[in-house]
Amino acid sequence: GLTGDSAYTLNLYPSNGNVFRFDSLGNNIGIESTTLTTLLTNITSPTYVWKKEGVLISGEVLSTYLIPASELQSTSSISYSCTVSGTANSKQISITEYITLYRNADGSNVISATLSNDSQLVPVDEYGEILPNSFDGISSTIKIFNGIKEDTGWNVAVTVSTGVTG
């Protein structure tokens, strides 16, 4: 295929968002669970390894993972990861994606951020090397919200990687 057509990716998507709400007594409000679903691009024969806070979740080997709200009962956030191993471009690969779920107490706003472009595929050659000028024209704008209102009182720092300006 054309250069870049063989790029492989892994994304995790929570079915009900990444925030659970609890009242002042610690009772869940609304969403009882969320399912993390993997979305793969150009990876065949995948196997899945799920972790919670860096610890293997025994027996979880499917492309989805169900998370009950009770897992956030006594903590403000929990991080999950999924490592997918498989074949991409006729080579064995392993790729990991991370996501954090948050607990929000009733009566408090969720602080959240959105990016206008939260991921970008860039063309690579058959060896996985990024092609010259691949980052040209790629941009993203961040918006931070306090509850449902945009909050402009934040300082955002950008760490620039090689080949990226911003």
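Remember, it's a predicted structure, so these values are computed and weren't measured experimentally.
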task = Starting from the C-alpha separation in whole Å, work towards a yes-or-no answer on side chain to side chain contact (heavy atoms under 4.5 Å, CB included) for Asp125 and Leu131.
result = CA-CA 7 Å; Asp125 63 20; Leu131 297 176; 4.0 Å; yes
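Residues Thr47 and Val61 are not in side-chain contact: their nearest non-hydrogen atoms beyond the backbone lie 4.5 Å or more apart. For the pair Glu150 and Ile144, the minimum side-chain heavy-atom distance is 4.5 Å or more.
Cluster membership check: Tyr8 shares its hydrophobic cluster with Tyr48, using side-chain heavy-atom separations under 4.5 Å among Ile, Leu, Val, Met, Phe, Trp and Tyr. By the rule that hydrophobic residues join a cluster once side-chain heavy atoms approach within less than 4.5 Å of another member, Trp50 and Leu40 end up as members of one cluster.
For the residue pair Thr87/Gln92, the side-chain donor-acceptor check at 3.5 Å is satisfied. Ser15 and Thr34 share a donor-acceptor pair across their side chains, judged by distance under 3.5 Å alone. Residues Ser79 and Thr100 bring a donor and an acceptor atom of their side chains to less than 3.5 Å of each other.
For the pair Thr38 (side chain) and Ser63 (backbone), a donor-acceptor distance under 3.5 Å is present.
Atom-to-atom distance recorded for Ile95:CD1 and Thr83:OG1 is 9.5 Å, nearest 0.5 angstrom. Note: Ile99 CD1 to Tyr65 OH = 13.0 Å, rounded to the nearest 0.5 Å. Taken to the nearest 0.5 Å, the CD1 atom of Ile57 stands 10.0 Å off from the NZ atom of Lys51. Interatomic distance, Thr9 OG1 to Leu39 CG, rounded to the nearest 0.5 Å: 6.5 Å. With rounding to the nearest 0.5 angstrom, the OG1 atom of Thr41 is 7.5 Å from the CD1 atom of Ile43. Between atom CG of residue Leu10 and atom CD1 of residue Ile93 there is a gap of 8.5 Å, rounded to the nearest 0.5 Å.
Considering all non-hydrogen atoms of both residues, Cys82 and Leu12 come closest at CB-CD2, 3.9 Å. For the pair Gly153 and Asp151, the tightest heavy-atom approach, listed with the atom from each and the gap, is N-OD1, 3.1 Å. Minimum interatomic distance between Tyr80 and Leu36 (heavy atoms only, all atoms of both residues): CB-CD1, 3.9 Å. What you find for Ser94 and Ser85 is that their closest heavy atoms are OG-OG, 3.4 Å.
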